[in-house]
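A short write-up of the structure that comes next.
Chain letters run A, B, ... following the sequence lines, proteins first and then strands; every chain starts at 1.
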Amino acid sequence: MLKIYNSLAREKQDFVPINPGSVRMYVCGMTVYDYCHLGHARVLVVFDMVQRWLRAIGLEVCYVRNITDIDDKIIKRASENNERISELTARFIRFMDEDAAALGVEKPDHEPKATEHVPQMLELIRQLEHNGLAYQAAAGDVNFSVRKFPGYGRLSGKSLDDLRAGERVDVDASKEDPLDFVLWKHAREGEPCWASPWGEGRPGWHIECSAMSSHLLGPHFDIHGGGQDLQFPHHENEIAQSEGAHGKRFVNYWMHNGFVRIDDEKMSKSLGNFFTIRQILRNYDAEVLRFFILRAHYRSPLNYSDTHLDDARQALSRLYTALKSAPSSAAAVDWDEPHAMRFAEAMNDDFNTPEACAVLFDLAAELNRSKSTALAGQLRGLGALLGLLGREPQAFLQATPASGGEMSAASIELLINERMTAKKRKDFAAADRIRAELLSAGVVLEDGAQGTNWRRA
RNA sequence: GGCGCGAUAGCAAAGCGGUUAUGCACCGGAUUGCAAAUCCGUGUAGGUGGGUUCGACUCCCGCUCGCGCCUCCA
């Protein structure tokens, strides 16, 4: 039985799909005006893992991850770059796709774009107005009236009065309540806009997700995910909009992944302390980054540093090294085998990937002892469920970092042959000199029965 | 100020009311020409003060420290 920590209930709950055997899941994706950073990498990888596991336990999954391609920051960036918004967003969607693919993230079933769902948003706003939850303010914006929606603050655990107390933002005088949020922004000079019953304008940020999720998954679906920072106000507002418009429950399980941190501080655009995915991938294998993310629990904070990635690389090397000792292919997992059972138990416990990884290491140790092809198959099969261990061991162990500057495989082989010759005539001094030379170039040699293997340190 | 989360060995990171987490690093042994890899073995934990209990890292309370949300953010 799968258990999921539901942010709304603040506890782990048995997962019961609305329709037996199938799951509908929506995750807030990226706003595409810049490169994806490590925080985005975490959302991508975490929910990819969730999606894979849901399928692994036999559920039919419809996974939607949206793309926000119209908003203040996009407009600002496009004007700074002096380019069209559609060019800017198309470029960063492409970069996002490249990064996601590198990280082994499978394509969601749908990736709706905000600009392609304006009619659905307008319909939602119309419904909200009809239900007395939306009003057009003097300035022309259409706002959501939070005071009229009972239960506002349930997800974030805040009462309206608590929220008032912490107000740090200039109050917009045209709002009925300072916490009311914008559904439709009236058009401004030089900004893109759409026609609407409330005049020309463009959608507020929160309405996008409500419109796209209900359009593709219906008004009531199983899982809604995203980064912890979206819990308030974004997800809170989504609930208010969707339930306010449809008059029924919106989402059964809310999942929020923890932040990536740098030096114990949240990594974010506003703090400017972020690393982009492609920056990291210049020096580290993408699978190492994926493993680094999955070896922590998705709800825990994840501190990033080069040292931690080095550590993750060493650990992943151990798994691939074990795999090298027995031929294997990613066969179907034998779920009656003890390791697989432990793995499933861990994953069913709110996606406990650190525990699942520990099982992989136990399996590797066992494999190193037994050289069992069956165990190698299990290791590959279980790894595949996390999107790991899909490559040939040599390919991983000998991979060259994207930044280059490494000794080529051909030169390495040449030196290894030279060393072989030296070894044959018992000239160990010469052999060791070559080995030391390779080591200083970041290449480690392993002499075995069938000759010498090498890998990058 | 309000609300919430966390504190585990040198580092990273889980589970668990009593029995080895796991990985990296470290130490001893096997193996090796020597290494590397691997295997065998050992060591290093649970912020702090109380409480509950036969027994607490695990449950409860206080304190301290750290982080997050209350504004755009994954």
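- B:rC69 atom P lies 23 Å from atom CZ of A:R154, rounded to whole Å.
- Note that the CG atom of A:D306 and the CZ atom of A:R313 stand 12.5 Å from one another [nearest 0.5 Å].
- One donor-acceptor pair, N or O on each side, does fall under 3.5 Å between the base of B:rG33 and the side chain of A:D432.
- A cation-pi arrangement, defined by a distance under 6.0 Å to the six-membered ring centre and an angle within 45 degrees of its axis, is absent between A:R278 and A:Y35.
- Heavy atoms of A:K426 sit nowhere under 4.0 angstrom from any nucleic acid atom.
- B:rA35 makes up no base pair with any nucleotide shown, lacking Watson-Crick or G-U wobble contacts both under 3.5 Å.
- Atom NE2 of A:H256 and atom P of B:rC3 are 21 Å apart (whole Å).
- For B:rC67, its base never sits under 3.5 Å from the side chain of A:K266 at any donor and acceptor pair.
- Partner assigned to B:rG66 is B:rC5, using Watson-Crick or G-U wobble distances below 3.5 angstrom.
- If you measure from atom CZ of A:F92 to atom P of B:rA74, you get 14 Å, rounded to the nearest angstrom.
- Under 4.0 angstrom from either OP1 or OP2 of B:rA74 there lies no side-chain N or O belonging to A:N257.
- If you check every strand for non-hydrogen atoms under 4.0 Å, A:A41 touches nothing.
- The pairing partner recorded for B:rG49 is B:rC61, the criterion being a Watson-Crick or G-U wobble arrangement whose two distances lie under 3.5 angstrom.
- Once rounded to the nearest 0.5 Å, the distance linking CG of A:L316 with CZ of A:F292 reads 13.0 Å.
- In this structure, A:I262 atom CD1 and B:rC67 atom C1' are separated by 15 Å, rounded to whole Å.
- A:S325 comes within 4.0 angstrom of nothing in the nucleic acid, heavy atoms only.
- Regarding A:Q228, its CD atom lies at a distance of 10 Å from the C1' atom of B:rA74, rounded to whole Å.
- For A:R435 and B:rA35, a side-chain-to-base donor-acceptor distance below 3.5 Å is present, hydrogens and geometry of angles not being considered.
- Across all strands, A:S268 comes closer than 4.0 Å to base atoms (heavy-atom distances).
- For B:rA12, the paired nucleotide is B:rU22, the pair qualifying as Watson-Crick or G-U wobble because both relevant distances are below 3.5 Å.
- Note that NE2 of A:H117 is 10.0 Å distant from OG of A:S213, once rounded to the nearest 0.5 Å.
- Checked against A:F250 for a ring-ring contact (aromatic ring centres under 6.0 Å, His included), the options A:F221, A:F149, A:Y26 give a single hit: A:F221.
- Taking atom P in both B:rC59 and B:rG6, the straight-line distance is 10 Å, to the nearest Å.
- Residues A:F351 and A:L2 form a side-chain contact, since some pair of their non-hydrogen atoms from C-beta on lies under 4.5 Å apart.
- Base engagement by A:A358 is indicated by at least one non-hydrogen atom pair under 4.0 Å involving a base atom.
- The partner of B:rG41, taking Watson-Crick or G-U wobble pairs whose two distances both stay under 3.5 Å, is B:rC27.
- Distances shown here put a side-chain N or O of A:R318 below 4.0 Å from the OP1 or OP2 atom of B:rU38.
- Side chain A:K73 to base B:rC72: a donor-acceptor pair is found below 3.5 Å.
- When rounded to the nearest whole Å, the span between CG of A:D349 and C1' of B:rC16 equals 12 Å.
- A:S325 places a side-chain N or O within 3.5 Å of a backbone atom of A:A322 that can act as its donor or acceptor partner.
- Among the protein residues, A:L230 comes within range of the sugar-phosphate backbone only, with heavy atoms under 4.0 Å from sugar or phosphate atoms but none that close to a base.
- Taking the P atom of each, B:rA35 and B:rA30 are spaced 11 Å apart, rounded to whole Å.
- Between A:G39 and A:R261, the residue anchored closer to the 5' end of RNA chain B is A:R261, taking for each the nucleotide with the nearest heavy atom.
- If you check every strand for non-hydrogen atoms under 4.0 Å, A:R42 touches nothing.
- A straight line from CG of A:D264 to P of B:rC11 spans 12 Å, rounded to a whole angstrom.
- Between the P atom of B:rC3 and the CG atom of A:L160 lies a distance of 15 Å, rounded to the nearest Å.
- Not one side-chain nitrogen or oxygen of A:R295 sits closer than 4.0 Å to the OP1 or OP2 atom of B:rU22.
- Residue-nucleotide stacking is present for A:F428 and B:rG33, judged by a side-chain ring centre under 5.5 Å from the six-membered base ring centre and planes under 30° apart.
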